[in-house]
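Written below as structure tokens is the structure these notes are about.
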Amino acid sequence: MNKILFKQQLSSDVYLMRLYAPLIAEERQAGQFIILQVDEDYGERIPLTIADANTDEGSITIIFQVVGKTTKQLSLLNEGDDIKALVGPLGKPTHIENFGTVVCVGGGIGVAPLHPIAQSLKAAGNKVIIIIGARNKDLLILENEMKNIADEFIVCTDDGSYGRKALVTEPLKEICERDPKPNMVIAIGPPIMMKFCSETTRPYGVFTQVSLNTIMVDGTGMCGGCRVNVGKEVKFVCVDGPEFDGHLVDFDNMMKRLNSYKQIEREKHLCFLEKEIEAKEAR
Amino acid sequence: MHYHSPEELQEQARQLIAEYVTKVDDLKTKDRMKIPPQEMPAQNPEERIHNLDEVAIGYTFEQARIEALRCLQCVKKNCVDDCPVKIDIPRFINHLVHGDLEQAASVIKEASLLPAICGRVCPQETQCQSNCTVGKALKDVDKSVAIGRLERFVADWERTTGKISIPEIKQSTSKKVAVVGSGPAGLVVAADCRREGHHVTVFEAFHKLGGVLRYGIPEFRLPNDIIDKEIQTLEAMGVEFKTNFVVGKTRKLKDLMEKDEYDAVFIGVGAGLPIFMGIEGENLIGVFSANEYLTRANLMRAFDKEHADTPIYPSKKVAVLGGGNVAMDAARMAKRLGAENVYVVYRRTEKEMPARKEEVAHAKEEGIEFLFLQNAKRIIGDEEGKVKQIECLRYELGEPDSSGRRRPIEIKGSEFLIDVDTVIVAIGNGSNPLLTQSTPGLELNKWGNIIVDENQKTSLDKVYAGGDIVLGAATVILAMGEGRRAAAAINKMLAEEIEKEKALVN
Ligand SMILES: Cc1cc2nc3c(=O)[nH]c(=O)nc-3n(C[C@H](O)[C@H](O)[C@H](O)COP(=O)(O)OP(=O)(O)OC[C@H]3O[C@@H](n4cnc5c(N)ncnc54)[C@H](O)[C@@H]3O)c2cc1C
Ligand code: FES
């Protein structure tokens, strides 16, 4: 069983949890993810990136945003509760070496998976420039942690409530125009952000790696539900990824596929909320 | 074929039994050949397309005995020759004729560990029933003795009357066996190695056990209860199960042996790599591999729309590409999930379809439409990226290829469109590389299947493999047979080790 050892609310709908999972903690590397279920019989399997691990405690850290029923239920669990099913580490680890100068761009909740990667890149001797962004100040996470790693640090918010009022692509473009150009960009965040980061760097020819979070079922390459077009090939995000060359990813198709079940989920979520409210009223 | 209700069929059987019961041992071949083949009672098609309950209900005792009386007890047993695990079929049938179900069950169990499952899913018409003397004499393989149904009847009787006994376990040894994958191959290895007294751990990637039996084959063909019962028996025998454990990811195979000190490993990870057509439009919204579609519906219980959190695509018009059991299961599941029109698009003709005959017949009764000698050329989407149509091509059969099947040849310019909102690709599975790639030194063939010797041993010391990962997507019974062979080899190897260790101590 995988006990919740620690729980913290990072912003209005973002939570951090440390889960007891000694084998995963031992094997995991930056860039990998887990799949969990809140209920083994009827629950959905959702992928979440491993944000950190502690082999002494035998724990892994996940950071998640409440976006649907499963993440909502997860957020209602407390320290001491068990996660019913937890499997991992899945996916390929990030390839880490000394590339030179690397720009790490994190949007919203994407800063969570970016953190261990930035850490490893720094440890490998890279100059690490970090740009993090969110819609507003409340939605920014891990600011201090990222600042501590960065050789250069930029914060943006869409509404200007904190840091620079800009989309992350703005400072990214400026950095690409520098001489020498950065050697590599890693962008993790909402698909639309990764798409525009890739578009921003394309004219400069700076290799841009993105980390995709598609719909998944098994996470072992068995169902193909996570497939994306990368260049001329079809790739399975759970086993071939999650990281790919952003200049080759067909983001438009991916974003459409992500919405496959939107309609049903919206109805389900409403139904769930109604039941929640009913339950509250009954109390 | 006209649908007969279970009550009608039972009434017929009762009358026949009354006629035959006193002369069971005096029947001549001529008399036996006159006994009408017993139809499998089934749920009414109009009702069953709205539920997930088992379609084939199973023989009653009377029906089973009548069917058993059709067996000629041949001296040359073609049926046994054609059974992959060599069940002594005439002998178990003879016990059944005499009403001794316990003996019948024990004869089957000598050779097969999972008869309730095999009785339901084996392709009997190409195995034990293919050369049955009765079928040959009547010039119709469908009139062969219904061995599979009899096997199922005996196994169900044993299970539902609580007669399944926990096999005897030999005294505990100090040896540990790791079984990777809980499909039929893995379950059989677990049982056979545990019986010898070894400690056995089964590692399964999913949160539920059973492999394809659980996530692929639907409830209406193989109820979960049956798989649960098999697993309960294994648990009672002391087999340890670790779910949510992906060998190669959660732990490397090498670490299982070196750090966790397993003395032998069996790899039964199945096929598990969906093959797509590689045609235009395959990534549109509404295109699924059969694996994904069936996993959502079965394992994740999306059929139960009210309770399950895992969604399933709301389909009205579905095209299923392929002609095997997987295609039949996907098509029939789509129907049960509310699709109005379900088309099975298959390149060849009905005769070449690899699916079990009974499933094809059931699918037809359920209103599945078969489009033979046709194949999808591309999938067309609307402005939102959702499936709108498929473009198909017509085919004709050419000369037989190396496998003896006549090769389909496309008819140029025969393109036409079908309106659909969902496409399910069910053209087969390749071998999933997750474990094999993370295990250096494991020899594979060019399709990624693990290479084994006649004892199922791989190129790695103390590592054995069997089932779909060795055979390519095959059948439950073949997976089981390989599991048995592997377990025998593992048990032999461990026994020799134990002997050696004893000799050293003395
Ligand atoms: C929809 C469908 C219908 C079918 N119908 C029939 C039929 O009617 N008759 C018939 O005879 N055959 C049928 N088959 C084929 C049959 O199911 C397979 O041949 C058989 O299940 C193979 O058994 P196996 O033990 O080799 O593997 P599987 O049943 O595939 O089991 C392998 C298990 O290993 C697990 N696994 C994989 N990788 C790892 C890992 N790295 N670590 C831990 N666990 C892992 C998987 O999750 C899975 O549970 C059907 C197959 C499908 C998909
Ligand atoms: S999630 Fe099923 S193949 Fe990737």
Side-chain angles (χ1 to χ4, degrees), chain A residues 2 21 23-24 26-28 32 34-46 68-70 73 84-91 215 217-229 234 236 238-239 250 252-265 267-268 271-272, chain B residues 204-208 215-216 242-246 248-252 255 259 269-276 278 282-296 299-302 304-314 381 384-386 425 429-430 432-435 437:
Chain A
N2 306 97
L23 288 178
I24 302 177
E26 190 182 320
E27 285 289 323
R28 75 95 211 190
Q32 290 188 296
I34 50 109
I35 283 186
L36 67 73
Q37 264 176 298
V38 178
D39 177 287
E40 259 195 320
D41 286 325
Y42 292 99
E44 192 173 8
R45 294 169 65 94
I46 59 161
K69 184 173 169 193
T70 306
Q73 284 176 322
K84 292 290 178 278
L86 178 66
V87 61
L90 301 169
I215 291 174
V217 183
D218 58 302
T220 62
M222 187 278 285
C223 78
C226 61
R227 66 196 188 279
V228 286
N229 293 320
V234 175
F236 289 2
C238 69
V239 284
D250 179 351
D252 293 338
N253 177 262
M254 178 191 143
M255 287 189 277
K256 281 181 187 152
R257 287 181 59 83
L258 269 172
N259 286 334
S260 300
Y261 299 101
K262 265 280 142 57
Q263 185 66 26
I264 307 175
E265 265 159 11
E267 285 160 19
K268 276 223 158 129
C271 188
F272 175 72
Chain B
E204 168 55 49
F206 267 128
H207 54 288
K208 299 256 164 161
Y215 76 72
K242 288 200 174 163
T243 50
N244 300 305
F245 197 114
V246 185
K249 286 286 180 187
T250 310
R251 210 147 176 79
K252 302 272 182 296
D255 291 339
K259 292 190 189 161
V269 293
L273 179 75
I275 298 173
F276 285 91
E282 232 171 0
N283 277 8
L284 290 166
I285 301 180
V287 184
F288 305 92
S289 74
N291 287 6
E292 178 181 0
Y293 195 78
L294 289 169
T295 301
R296 284 177 181 271
L299 179 77
M300 307 311 293
R301 304 197 183 191
D304 186 351
K305 288 178 193 159
E306 200 181 320
H307 295 105
D309 292 340
T310 303
I312 191 117
Y313 201 67
E384 288 174 71
K386 291 185 176 161
V425 185
N429 270 291
N432 190 311
L434 196 67
L435 175 112
Q437 269 177 8

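A, B, ... follow the sequence lines: proteins, then strands. Residue 1 opens every chain. Nothing here was measured: the structure is a model prediction, and the numbers come from that model.
- Each of B:N291, B:V425, B:I285 has some count of heavy-atom pairs under 4.5 Å with chain A, and the biggest count is that of B:I285.
- With a 4.5 Å cut-off on non-hydrogen atoms, A:I35 does not touch chain B at all.
- For B:N432, the part lying under 4.5 angstrom from a heavy atom of chain A is the side chain only.
- In this structure, CZ on A:F236 lies 7.5 Å from SG on A:C223, to the nearest 0.5 angstrom.
- A cation-pi geometry, defined here as NZ or CZ lying under 6.0 Å from the six-membered ring centre and within 45° of its normal, holds between B:R301 and A:Y42.
- Using a 4.5 Å cut-off between heavy atoms, B:E384 touches chain A through its backbone atoms (N, CA, C, O) alone.
- Neither the backbone nor the side chain of A:V38 has a heavy atom closer than 4.5 Å to any heavy atom of chain B.
- A distance of 7.0 Å separates CG of B:L299 from CZ of A:R45, quoted to the nearest 0.5 Å.
- The choice from B:P433, B:G286, B:G272 that makes the most heavy-atom pairs within less than 4.5 Å of chain A is B:G272.
- When each of B:K252, B:K249, B:K259 is tested with A:E27 by the rule salt bridge (Lys or Arg N to Asp or Glu O under 4.0 Å), just one qualifies, namely B:K252.
- Within the 4.5 angstrom heavy-atom criterion, only side-chain atoms of B:L434, from C-beta onward, approach chain A.
- Other residues, nucleotides and ligands contribute at most 12 non-hydrogen atoms within 6.0 Å of the NZ atom of B:K386.
- Using a 4.5 Å heavy-atom cutoff, the side chains of B:T295 and B:F206 are in contact.
- Ranking A:D218, A:N229, A:I24 against chain B, the residue ahead of the rest is A:N229, based on heavy-atom pairs under 4.5 Å.
- Interface residue B:T250: backbone and side-chain heavy atoms are both found under 4.5 Å from chain A.
- With B:R296 contributing its side chain and B:P311 its backbone, the two residues share a donor-acceptor pair below 3.5 Å.
- Smallest separation of non-hydrogen atoms from A:A85 and A:E40: CB-CG, 4.0 Å.
- The salt bridge (Lys or Arg N to Asp or Glu O under 4.0 Å) check on A:D252 picks up A:K195, with sequence neighbours excluded.
- Of the two parts of B:I312, only the backbone, made up of N, CA, C and O, holds a non-hydrogen atom closer than 4.5 Å to a non-hydrogen atom of chain A.
- If you measure heavy-atom distances from B:F245 to chain A, the contacts under 4.5 Å come from both the backbone and the side chain.
- Among the candidates A:V234, A:D41, A:V217, the residue making the largest number of heavy-atom pairs closer than 4.5 Å to chain B is A:D41.
- Top candidate by heavy-atom pairs under 4.5 Å with chain B, chosen from A:L86, A:V239, A:L90, is A:L86.
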